[in-house]
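The chain is numbered in sequence order, starting from 1.
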Amino acid sequence: MTTVESSIGTAPTGVAAQRILVLDFGSQYAQLIARRVREQNVYCEIVRHDITPERIAQHNPNGLILSGGPSSVYAEGAPLPHPGIFEMGIPILGICYGMQLMCEALGGKVDSHPAGEYGRAICKVTQTDPLLSGWETESEVWMSHGDQVRAISDVFIPLAQTSTCPFAAVKHRTLPFYGLQFHPEVTHTPQGALLLDNFLKQVCQCSGSWNISDFANSEIARLREEIGESRVICGLSGGVDSAVVAALLYKAIGPQLTCILVDNGLLRKSEQSLVVEEFTNHFQSDLRVIDAEEPFLAALKGITEPQEKRRRIGHTFIECFKSAAETITDAKYLAQGTLYPDVIESGAAPDGPAATIKIHHNVGGLPEELGFELVEPLRDLFKDEVRKLGLQLGLPESIVWRHPFPGPGLAVRCLGEVTKERLDVLRNADVILLQEIENAGLYRETSQVFVVLLPIQSVGVMGDERTYENVAAVRCVDTDDFMTADWSRLPYDLLATISTRIINEVAGINRVCYDISSKPPATIEWE
């Protein structure tokens with residue numbers, strides 16, 4: 001199966017011609033760097049760490065950012081960049097491991113730090129430079145490293161230091177190369193956004209004019225030209241991602257779009273009717289609903305391992321979708337709502353240094369025999385960018401701001417074996433949670449809210465009788481980009497109301513817990 005890539009990920013045109021490439025050396029924060037760059041209205045994408053100069057030239061970037069990573073530059077098998085990138089004359093910003101790579105490649109020395117340095121540190125500017133324009137003389141930064149540059153060659157000039165790191169920031173004497181031992185992309189470095197903006201605007205000469213409106217117009221035109229007179233099938237799930245994909249395609253090709261909703265029995269309460277109503281109100285194209293609860297539950301019978309659940313759901317989805325698609329004889333393309341975080345967390349770069357965190361329902365897994373070319377117009381966007389795009393396309397806020405729902409549905413929130421009975425318990429608890437969050441006026445204030453049904457039972461007392469029933473966990477998080485997240489500080493009275501209603505109204509649950517884990521180290525979903 002081939003993939004029709006987004007225009008902003010292929011040949012650059014218009015404002016998207018100004019771009020930054022992030023070379024990923026295995027950091028799970030490489031995507032956060034890209035997100036921070038885009039916040040400065042400069043388009044950015046992540047590429048393999050060993051991308052060749054020839055391939056870089058095809059992207060025609062204004063600058064390169066070398067990400068952090070878990071390796072030591074002197075270790076056997078450590079991911080290294082192509083040495084030719086330092087001969088291209090393109091501005092480079094190395095962050096943590098990326099700085100160490102650059103300094104060692106150009107004559108410096110990297111070694112382990114006696115104690116490592118993790119957390120906040122005070123960085124003192126020792127040399128004025130456009131990169132640090134507007135910075136206070138002393139500023140808080142975030143460190144996370146066991147190695148550091150111990151000596152720099154004559155080609156580098158130190159710009160800043162901390163009490164334990166003499167080369168917290170450096171620059172090349174003649175080339176537009178900079179290195180930072182700290183992480184400007186995290187919020188724990190308060191002036192990090194200013195530093196990145198200085199690198200983009202002053203060093204890389206980016207205008208900062210990329211925006212989602214330009215993407216919408218160029219992507220609609222590109223899709224219209226690419227698809228021509230062919231028909232496209234789009235899988236609807238009820239979530240914002242698939243809705244925005246459908247809206248984008250509808251703008252581009254109108255009646256050539258056919259949408260399929262596979263009701264896999266893993267949807268939330270009344271989900272099917274809600275999707276049909278929303279689709280009918282906002283689109284005038286073909287919608288087909290497939291009732292597939294039975295084959296999905298059969299495929300999941302006895303399965304408890306999370307990745308195996310996802311694999312079986314993906315396989316069953318393909319079979320059901322394939323059967324439905326075979327009735328649409330003139331279809332050539334299949335559209336999916338894959339986002340950039342999905343691509344990154346699924347280990348998008350083959351043999352790349354980043355770990356696969358989980359298998360995403362929307363990434364890969366579609367066999368060649370399905371016979372479609374894959375259209376993923378959102379695969380270069382983050383969640384908040386997708387929401388902006390949805391509003392730009394005229395979708396109502398009720399769709400655009402709907403909380404995310406995982407592709408595998410409630411199967412990854414029903415820990416342990418998935419059965420219809422356990423799913424019904426979960427649905428009834430989940431709808432109560434959403435009602436109370438909405439009643440409290442917190443639906444837009446929170447990013448994602450849901451209930452997880454745990455594979456354990458606990459002892460309780462109800463009506464003076466002993467019970468031994470299910471435990472439910474409430475998960476509520478706040479996030480800007482879904483790459484990092486923190487648990488929501490819900491009012492105690494609201495938590496008490498949620499717990500009381502779930503225990504009193506949902507047969508089969510006698511205990512409710514609240515998840516106070518951040519991402520990382522936890523993920524937002526439990527499986």
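Under the 3.5 Å distance criterion, the side-chain polar atoms of Ser72 are left unmatched by any main-chain donor or acceptor of Ala75. Within the 3.5 Å criterion, the main-chain N or O of Thr479 finds a donor-acceptor partner in the side chain of Ser447. Checking side-chain atoms of Arg38 against main-chain N and O of Cys44 turns up a donor-acceptor pair under 3.5 Å. A donor-acceptor pair under 3.5 Å links the side-chain atoms of Gln256 to the main chain of Ser230, judged by distance alone. Judged purely by atom type and a 3.5 angstrom limit, Thr316 uses its side chain to pair as donor or acceptor with the backbone of Arg312. Side-chain N or O atoms of Ser242 include none that pairs as donor or acceptor with a backbone N or O of Gly337 at under 3.5 Å. In this structure, Thr338 contributes its side chain and Arg379 its backbone to no donor-acceptor pair below 3.5 Å. For the pair His403 (side chain) and Thr446 (backbone), a donor-acceptor distance under 3.5 Å is present. No donor-acceptor pair under 3.5 Å is formed between the side chain of Arg475 and the backbone N or O of Ala473. A donor-acceptor pair under 3.5 Å is absent between the side-chain atoms of Thr500 and the main chain of Thr497, judged by distance alone.
Atom-to-atom distance recorded for His49:NE2 and Leu23:CG is 9.0 Å, nearest 0.5 angstrom. With rounding to the nearest 0.5 Å, the separation of CD1 in Ile503 from CD1 in Ile498 is 12.0 Å. A distance of 12.5 Å separates CZ in Phe296 from CG in Leu423, rounded to the nearest 0.5 Å. A distance of 6.0 Å separates CG in Leu267 from CZ in Phe405, rounded to the nearest 0.5 Å. Summarising the geometry, atom CG belonging to Asn428 is positioned 11.0 Å from atom CZ belonging to Arg501; distances are rounded to the nearest 0.5 Å.
The local environment of CG in Asp330 is crowded, with over 12 non-hydrogen atoms from other residues, nucleotides or ligands closer than 6.0 Å. In the displayed structure, Glu294 atom CD is contacted under 6.0 Å by at most 12 heavy atoms of other residues, nucleotides or ligands.
For the residue pair Gln457/Asn470, the side-chain donor-acceptor check at 3.5 Å is satisfied. Between the side chains of Thr467 and Asn510, at least one donor N or O lies within less than 3.5 Å of an accepting N or O. In this model, a donor atom of one side chain and an acceptor atom of the other lie less than 3.5 Å apart for Thr327 and Arg288. In the model, Gln448 has a side-chain atom that pairs as donor or acceptor with a side-chain atom of Glu525 under 3.5 Å. For the 3.5 Å distance criterion, the side chains of Asp478 and Ser488 qualify, holding a donor opposite an acceptor.
Ion pairing between a basic and an acidic side chain is recognised when a charged N comes within 4.0 Å of a carboxylate O; Arg35 and Glu185 show no such pairing. We find that Glu527 and Arg413 are not joined by a salt bridge, their nearest charged nitrogen and carboxylate oxygen being 4.0 Å or further apart. In summary, Lys388 and Glu385 do not engage in a salt bridge, as defined by a charged side-chain N under 4.0 Å from a carboxylate O. Glu305 and Lys309 are not joined by a salt bridge, as no carboxylate oxygen comes within less than 4.0 angstrom of a charged side-chain nitrogen. Between Asp424 and Arg427 there is a salt bridge, since at least one side-chain N of the basic residue sits less than 4.0 Å from a carboxylate O of the acidic one. Ion pairing between a basic and an acidic side chain is recognised when a charged N comes within 4.0 Å of a carboxylate O; Glu39 and Arg36 show such pairing. A salt bridge is defined here as a Lys NZ or Arg NE, NH1 or NH2 lying under 4.0 Å from an Asp or Glu carboxylate O, and Arg222 with Glu225 fails to meet this definition.
With contacts defined as side-chain heavy-atom distances shorter than 4.5 Å, the pair Asp286/Leu257 does not qualify. Using a 4.5 Å heavy-atom threshold, the side chains of Phe372 and Val232 count as separate. Put simply, the side chain of Pro404 does not reach to within 4.5 Å of the side chain of Val240, judged on heavy atoms. In this structure, Leu334 and Glu373 have side chains that are not in contact, with every pair of non-hydrogen atoms separated by 4.5 Å or more. Two residues are said to be in side-chain contact when any heavy atoms from C-beta on lie closer than 4.5 Å; Ile437 and Leu490 meet this criterion. In this structure, Asp291 and Glu293 have side chains that are in contact, with non-hydrogen atoms separated by less than 4.5 Å. Counting heavy atoms from C-beta outward, Ile253 and Leu223 have side chains that stay 4.5 Å or more apart. Considering only heavy atoms from C-beta on, Lys383 comes within 4.5 Å of Leu339 through its side chain.
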Carefully, step by step, assess Glu436 and Leu494 under the rule side-chain contact (heavy atoms from CB on, under 4.5 Å). CA-CA 8 Å; Glu436 292 301 328; Leu494 175 58; 4.1 Å; yes
Could you check Thr304 against Glu417 for side chain to side chain donor-acceptor pair (under 3.5 Å), going step by step and ending with a plain yes or no? CA-CA 5 Å; Thr304 60; Glu417 184 176 6; over 6 Å; no
Run Glu271 and Arg268 through salt bridge (Lys or Arg N to Asp or Glu O under 4.0 Å) and show every step you take. CA-CA 5 Å; Glu271 188 100 38; Arg268 287 170 288 199; 3.0 Å; yes
Pair Asp515-Phe450, side-chain contact (heavy atoms from CB on, under 4.5 Å): steps then yes or no: CA-CA 11 Å; Asp515 183 349; Phe450 56 91; over 6 Å; no
Between Leu389 and Leu378, does a side-chain contact (heavy atoms from CB on, under 4.5 Å) hold up when you go through it step by step? CA-CA 10 Å; Leu389 178 59; Leu378 308 182; 3.7 Å; yes
Cys513 vs Val471, side-chain contact (heavy atoms from CB on, under 4.5 Å): CA-CA, chis, key distance, verdict: CA-CA 8 Å; Cys513 304; Val471 178; 3.9 Å; yes
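Shortest non-hydrogen contact noted between Val512 and Ser499 is CB-OG, 3.7 Å. Between Cys96 and Ser144, the shortest heavy-atom distance links the atoms SG-O, 3.6 Å. Contact detail for Tyr97 and Gly69: the closest heavy-atom pair is CB-N, 3.4 Å. Of all heavy-atom pairs spanning Tyr443 and Trp401, the tightest one is CE2-O, 3.4 Å. Between Asp430 and Val451 the shortest heavy-atom distance is OD1-N, 3.1 Å. The two residues Arg511 and Ser458 have their closest heavy-atom pair at NE-OG, 2.9 Å.
Tested against Lys269 for a side-chain contact (heavy atoms from CB on, under 4.5 Å), the candidates Leu410, Leu434, Leu426, Val431 yield a single pass: Val431.
The aromatic rings of Trp210 and Tyr43 sit tilted, their planes meeting at an angle between 30° and 60°.
Relative to the six-membered ring of Tyr333, Arg231 misses at least one condition, a distance below 6.0 Å or an angle of at most 45° to the axis.
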